[in-house]
Undergrad: 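Input: one structure, supplied below.
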Number of protein chains: 2
Amino acid sequence: MPEPPASAAARDTDRRTYTIGELARRYEVTPRTIRFYEQEGLLDPERRGQTRIYHDKDRVRLKLTLRGKRLGFSLAEIREVIHLYDHAPDGDERQLRRMLDILDEKRAALTRQLQDIQALQNELDDVEARCRDSLASLSRQRASS
Amino acid sequence: MPEPPASAAARDTDRRTYTIGELARRYEVTPRTIRFYEQEGLLDPERRGQTRIYHDKDRVRLKLTLRGKRLGFSLAEIREVIHLYDHAPDGDERQLRRMLDILDEKRAALTRQLQDIQALQNELDDVEARCRDSLASLSRQRASS
DNA sequence: AGTCTACTTTACGTAAACGTAAGCCTGCTC
DNA sequence: GAGCAGGCTTACGTTTACGTAAAGTAGACT
């Protein structure tokens, strides 16, 4: 799904707010899941009375979280990335350099993932080839009977 | 099923067997984990008496399993792929076609993963850029003092 | 024979990531 | 003003993927 460009319309989108139910439907999770992510420090929505109000920033965080989950990261790891994202510019030099190190580490993990995906795709190619061979030999059998 | 021809060296490798401890050390998991994978139908080692004997085929399965795990697949999903791999050529036409469908599905999942990785890499790039900006502005501050 | 070391089974424990149910509040809408 | 939809909290339940401990066995070394 393509993100809207930074136009007047985008500003509009940025001002939008969401209820927990809206977000849940949009990303196909339950409200319970969203509340759980908040409890785990991944979200921090505004409150109006007791009710949670989600802004676009929260929505992006949720999206990031679900992406991380699809890649097999734990919520703790995802929280780390999110906090990187939010606190990147503040901190002393030592902290910033440490952050760059962590970034390298995360990048390395993603590279490993890429390799794993390639390897798995090759396996799938292999299975598919054998499947197709079998199908072909079945149809040859049929032809010669 | 005709065993692969392979070279003398490869045959050597193929004839090697491993104890559970050897495999565990090699792949940095515990014996417990390996037994658990067997219990879940992911491995099926030979037995000599009570002791498990792992052949190269089992080792490859374990490798495949760990790869799947790194990608966030559940053991159930990995088992599905492994059984695809093992039973690809036997089955009637309907089964084979269904298998090709499942393959497409798995491939789609991997493609989604690739996209997720790209997106996350972009986020990391973003964080890194902001980090470097902050570092630069820190050093400018130092220079002007 | 005794002692390691590495294997085995059985079984209970645990962390992560939610699901599910109960009970309450609030703002419509008929 | 009764009901209903959707939000809230609290709390216990569940699945997955192992960890951990106890108790036993089998071969190798001293």
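Note on naming: letters A, B, ... go to the chains in the order of the sequence lines (proteins, then strands), and numbering restarts at 1 for each one. Everything quoted here is computed from the prediction, not taken from an experiment.
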Undergrad: If you measure from the Lys or Arg side-chain nitrogens to the Asp or Glu carboxylate oxygens, is any gap between E40(A) and R35(A) under 4.0 Å?
TA: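 No, E40(A) and R35(A) are not salt-bridged.
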
Undergrad: In terms of side-chain heavy atoms, does T30(B) have a donor or acceptor partner in T33(B) at a distance below 3.5 Å?
TA: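 Side-chain D/A pair, T30(B) to T33(B): present.
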
Undergrad: For R35(A) and dG7(D), what is the distance between atoms CZ and P respectively, to the nearest whole Å?
TA: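 Result: 8 Å.
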
Undergrad: With a 4.0 Å cut-off, would you call R16(A) and E22(A) a salt bridge?
TA: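 Looking at E22(A) together with R16(A), the answer is yes, because their closest N to O distance falls below 4.0 Å.
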
Undergrad: Let me know the distance between CD of E22(A) and C1' of dA5(D), rounded to the nearest Å.
TA: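 Rounding to the nearest Å, CD of E22(A) and C1' of dA5(D) are 14 Å apart.
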
Undergrad: I need the OH-P distance between Y37(A) and dA17(C), as an integer number of Å.
TA: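 Roughly 8 Å, once rounded to whole Å.
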
Undergrad: With nearest nucleotide decided by heavy atoms, which residue, F36(B) or G21(A), maps closer to the 5′ end of DNA chain D?
TA: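 With F36(B) and G21(A) compared, the 5'-side residue is G21(A).
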
Undergrad: For the side chain of T33(A), counting heavy atoms from C-beta on, which of dC18(C), dC8(D), dT9(C) is nearest?
TA: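 Of the options given, the side chain of T33(A) lies nearest dC18(C).
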
Undergrad: Check whether any side-chain N or O of T19(A) sits under 4.0 Å from OP1 or OP2 of dG7(D), and answer yes or no.
TA: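 Yes, T19(A) has a side-chain N/O under 4.0 Å of OP1/OP2 on dG7(D).
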
Undergrad: Using a cut-off of 4.0 Å on non-hydrogen atoms, how would the nucleic acid contact of R52(A) be classed: base, sugar-phosphate, or nothing?
TA: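 The answer is sugar-phosphate, as R52(A) gets under 4.0 Å only of primed atoms, P, OP1 or OP2.
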
Undergrad: Is R130(B) positioned over the aromatic face of Y85(A), cation under 6.0 angstrom from the ring centre and no more than 45 degrees off axis?
TA: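 Yes, R130(B) lies over the aromatic ring of Y85(A).
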
Undergrad: NA contact type, R47(B), heavy-atom cut-off 4.0 Å: base, sugar-phosphate, or nothing?
TA: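 The answer is sugar-phosphate, as R47(B) gets under 4.0 Å only of primed atoms, P, OP1 or OP2.
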
Undergrad: Round to a whole Å and report the spacing from CD of Q39(B) to P of dT16(D).
TA: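 In whole Å, dT16(D) P and Q39(B) CD are 12 Å from each other.
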
Undergrad: Can you identify which nucleotide, out of dT9(C), dC8(D), dA17(D), has its nearest atom closest to the Q50(B) side chain?
TA: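 That would be dT9(C).
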
Undergrad: Quick one: I34(A) CD1 to dG6(D) C1', roughly how many Å, whole number?
TA: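 So the CD1-C1' distance, I34(A) to dG6(D), works out to 14 Å.
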
Undergrad: Would you tell me if any nitrogen or oxygen in the side chain of K69(B) comes within less than 4.0 Å of OP1 or OP2 on dC18(D)?
TA: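 Affirmative; the distance criterion is met.
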
Undergrad: To the side chain of L75(A), which of dT8(C), dA17(C), dC8(D) is closest?
TA: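 Nearest to the side chain of L75(A) among the choices is dA17(C).
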
Undergrad: Phosphate oxygens OP1/OP2 of dG19(D): is one of them under 4.0 Å from a side-chain N or O of T30(B)?
TA: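 For dG19(D), OP1 or OP2 has a side-chain N or O of T30(B) closer than 4.0 Å.
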
Undergrad: Measure CD1/I53(A) against P/dG7(D) and give the value in whole Å, please.
TA: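 Atom-to-atom, I53(A) to dG7(D), this comes out as 11 Å.
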
Undergrad: Any salt bridge linking D101(B) with K106(B)? Criterion: basic side-chain nitrogen under 4.0 Å from a carboxylate oxygen.
TA: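 No, D101(B) and K106(B) are not salt-bridged.
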
Undergrad: Using the side-chain heavy atoms of R32(A), tell me which of these nucleotides is nearest: dT8(C), dC8(D), dG19(C).
TA: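 Of the candidates, dG19(C) comes closest.
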
Undergrad: What is the distance, rounded to the nearest whole Å, between atom CG of L23(A) and atom P of dC8(D)?
TA: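 The distance from CG of L23(A) to P of dC8(D) comes to 11 Å, rounded to the nearest Å.
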
Undergrad: In whole angstrom, what separates I78(B)'s CD1 from dC18(D)'s P?
TA: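 My rounded result for the distance is 9 Å.
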
